[in-house]
Every structure is written in C-alpha cells, then in structure tokens.
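Heads up, the thing below is written out as structure tokens.
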Amino acid sequence: MTIHSTLKSSIAAVLMLGAGLGIATQAASADAFADITKAGTINVGVFADFPPFSSASADMSLKGYDMDVAQYIADTLKVKLNPVAVTGQNRIPYLNDHRVDILMSVGYSKEREQVIDFAAAYAPYYIAVIGPAAMTVKGKEDLAGKSIAVNRGTLEDTSLTEAAPASADIKRFDNYNAVIQAFISGQTQLMVVGNDVGAQVLARQEALKPEQKFQLLTSPSHIGLNKNEDGLKKAVNDAIAKMLADGKLDESSKAWLKTPLNPDNLKD
C-alpha cells in the first residue's frame with residue numbers, strides 16, 4: 001500500500017478516541033474561525049515526512065504542495081501559519097482535541113466522516129501507469145504484452161491486476177525503490193505507482209522522459225476540520241476555490257507533482 005493509501009486507513013479505536021476527545025473539548029472552542037482570527041494563528045496538522053506534499057527542506061522548514069496550500073489559507077485569513085507535525089495515528093485526536101485547527105492530506109471515508117468534517121478537495125491522489133514518452137499507452141488494453149513493475153500487495157498491485165489484460169507481464173517487487181529501479185533500468189517497460197512516488201521519477205529521469213499514461217484509480221485529498229465549524233469550513237473552501245481559479249493550485253502541482261493539475265482529479 002502506498003504512503004498515501006496507508007495514511008487513508010485508520011482503525012476504529014483511533015477514530016473513537018478522536019470522537020471522545022472532541023466531545024470533551026467542543027465547548028472550549030465553539031467557533032474555530034473566531035478563535036483563529038483572535039489568536040492571529042492557524043495551527044495546521046501536516047505530515048513532516050511526506051514528499052512531495054510536505055517534508056523538511058535544507059533549512060529544516062517544511063516545504064511541499066500541502067505547505068503551499070496551508071500558507072495560502074493562512075494568508076487569506078491574515079493570520080500566521082503554525083505547522084504542527086502529526087502522524088496517521090494521532091492526527092484525528094489532535095484535531096478533535098483542538099491541538100490543530102485543520103488537517104492536510106485527509107482522504108475521505110465514511111468512517112472518518114463520523115468524527116470529522118471535510119472541506120474541499122485540494123490535492124490529487126491517483127494511481128497511474130507511467131512509461132517513456134516514446135511508448136504509446138492510452139488505456140488498459142494497451143497494457144497487453146507489456147512488462148509492468150508494481151509494488152507487491154499494494155493498492156497499486158490490486159488495481160493493476162484488475163485492469164491488465166491476461167497477456168500483461170506484471171512483475172511484482174517488494175518496495176518502491178525496486179519498482180523504480182526496474183523501470184528506469186529497462187527491466188520493465190512500464191510501472192504503476194501513486195502520484196506521490198511518480199513525481200520523484202518524473203522529476204529525475206530526463207533522459208528517459210517518463211510520463212503518466214493513464215490513471216487506474218483516483219482519490220483526492222481533502223482538508224479535515226472539526227464538525228459544526230461552518231465559518232472555518234467556508235473560509236477554507238473559499239481559499240481553495242480561489243487557488244483553483246487563479247492558477248495557484250496548478251502552479252503547486254507543476255512545482256511539486258511535476259504535472260499540471262487536472263481539476264477532474266479533485267472529484268471523489
């Protein structure tokens with residue numbers, strides 16, 4: 001399972017813990033938007049090691065697609081951005097306990113919807129077939145007879161296995177480094193990865209000129225916030241809509257994901 005896919009999954013115990021903490025502290029913050037404005041700071045939960053969405057730069061500050069969006073939201077609200085490092089296990093409790101005001105990179109699920117709310121989708125996440133520019137691959141039927149590298153036992157593996165014709169030569173590896181190496185060394189003609197992993201390959205392999213051929217699955221990232229925070233939700237949604245309209249999301253996609261933003265990839 002990809003990093004993003006792993007982050008999207010959460011056990012019921014964690015969700016119930018988050019719900020309990022939210023009930024205990026809801027009275028303390030009746031209006032998050034007013035609290036943020038009064039404090040002059042928005043606390044944003046982000047993963048500290050999740051490139052290209054957020055990771056430490058040379059000066060140890062967090063950079064990436066998520067950080068661009070978080071900074072834009074803070075600027076729109078005219079407050080200071082305070083990134084708070086979270087993990088897949090603690091981030092929903094952090095949100096419900098008001099240690100953070102919003103969460104970046106939250107995949108939608110019915111289980112999560114029971115304990116948190118979702119603002120607009122802002123970041124694409126999808127599983128794609130990647131191959132050299134010189135090779136024509138437009139759809140799953142073009143995978144026939146092709147050798148394809150994939151990480152064994154992941155969502156990518158499942159998606160590829162379901163889509164590929166019987167004649168496709170699926171070569172399964174035990175980690176992403178092995179998948180990438182098999183592809184760039186010519187051991188396989190194609191590879192199937194999430195766009196988080198794919199961005200690293202698209203950025204580095206100028207001689208091979210790899211490109212995304214088509215998508216097997218899409219599940220965009222949302223911004224998570226506590227329930228019944230209508231003012232904050234509207235402010236976040238307005239900021240994302242403005243970023244989409246003025247091309248800022250497209251700029252971040254090109255800079256960090258190494259591909260133009262397709263608005264269709266922001267649809268669940």
Side-chain angles (χ1 to χ4, degrees), residues 4 7-48 50 53-54 65-125 219-245 248-249 263 266-268:
H4 188 92
L7 298 175
K8 286 185 66 178
S9 63
S10 58
I11 60 173
V14 172
L15 294 175
M16 292 305 295
L17 173 60
L21 289 170
I23 293 170
T25 59
Q26 187 173 10
S29 181
D31 188 342
F33 181 71
D35 292 344
I36 291 166
T37 302
K38 181 178 179 180
T41 301
I42 183 168
N43 299 310
V44 179
V46 295
F47 295 111
F50 186 35
F53 293 95
S54 54
Y65 188 103
D66 279 3
M67 298 308 301
D68 286 357
V69 175
Q71 186 64 63
Y72 192 97
I73 292 171
D75 292 345
T76 299
L77 299 182
K78 296 181 170 59
V79 297
K80 178 183 177 182
L81 171 62
N82 178 37
V84 178
V86 296
T87 67
Q89 289 70 44
N90 70 21
R91 63 180 182 160
I92 290 178
Y94 268 38
L95 177 65
N96 290 153
D97 199 28
H98 299 279
R99 296 189 188 190
V100 297
D101 301 304
I102 60 176
L103 294 172
M104 308 302 293
S105 285
V106 184
Y108 173 81
S109 72
K110 292 182 179 179
E111 292 78 16
R112 283 179 178 161
E113 192 177 33
Q114 295 177 26
V115 293
I116 67 171
D117 199 359
F118 294 86
Y122 72 97
Y125 177 76
S219 178
S221 291
H222 291 257
I223 292 173
L225 66 162
N226 281 310
K227 287 184 173 296
N228 303 314
E229 295 291 0
D230 295 339
L232 179 57
K233 183 174 182 177
K234 182 179 185 305
V236 170
N237 283 344
D238 287 349
I240 298 304
K242 188 176 180 182
M243 287 191 80
L244 187 59
K248 294 295 185 183
L249 279 182
L266 299 183
K267 299 175 182 178
D268 284 297

(request) Dump the intermediate steps for side chain to side chain contact (heavy atoms under 4.5 Å, CB included) on I240 and I223, then the final yes or no. (result) CA-CA 10 Å; I240 298 304; I223 292 173; 4.0 Å; yes

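- Shown here are the ring-ring contact (aromatic ring centres under 6.0 Å, His included) partners of Y72, two or more places apart in sequence or in another chain: there are none.
- Residue pairs meeting the side-chain hydrogen bond (donor to acceptor under 3.5 Å, both in side chains) criterion with at least one member in residues 234-244, sequence neighbours excluded, are K234-D238.
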Acceptor/donor pairs from residues 37-45 side chains to any protein atom, 3.5 angstrom cut, sequence neighbours excluded:
from: T37; atom 1: OG1; to: F33; atom 2: O; distance (Å): 2.9
from: N43; atom 1: OD1; to: N82; atom 2: ND2; distance (Å): 2.7

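- Summarising the geometry of P93 relative to Q89, their closest heavy-atom pair is CD-O, 3.8 Å, with the distance given to 0.1 Å.
- The side-chain hydrogen bond (donor to acceptor under 3.5 Å, both in side chains) search around K110 returns none, not counting sequence neighbours.
- Contact check for H98 versus N226: side-chain heavy atoms found under the 4.5 Å cut-off.
- Minimum heavy-atom separation, R91 to M104: NH1-O, 3.2 Å.
- For residues 224-245, there are no ring-ring contact (aromatic ring centres under 6.0 Å, His included) pairs, not counting sequence neighbours.
- Every side-chain hydrogen bond (donor to acceptor under 3.5 Å, both in side chains) that D66 has, sequence neighbours left out, goes to S105, Y122.
- Across V79 and I36, no two heavy atoms sit closer than the pair CG1-O, 3.8 Å.
- Here the side chains of V86 and V46 are not in contact, with every heavy-atom distance at 4.5 Å or above.
- The backbone N or O of T87 sits less than 3.5 Å from a side-chain atom of N90, completing a donor-acceptor pair.
- The minimum heavy-atom distance between E229 and A32, with the atom names listed, is OE1-N, 2.8 Å.
- The heavy-atom pair separating D101 from L95 by the smallest distance is O-CD1, 3.5 Å.
- For the residue pair Y65 and A123, the shortest heavy atom distance occurs at CE2-CB, 3.4 Å.
- Side-chain contact between V236 and I73: present, with at least one pair of heavy atoms (C-beta onward) separated by less than 4.5 Å.
- Under the 4.5 Å side-chain criterion, counting only non-hydrogen atoms from C-beta, F47 is in contact with S54.
- With rounding to the nearest 0.5 Å, the separation of NE2 in H222 from CZ in F118 is 7.0 Å.
- Scored by the salt bridge (charged side-chain N to carboxylate O under 4.0 Å, His left out) test, D68 finds no partners at all (sequence neighbours excluded).
- The side-chain hydrogen bond (donor to acceptor under 3.5 Å, both in side chains) check on K233 picks up D117, with sequence neighbours excluded.
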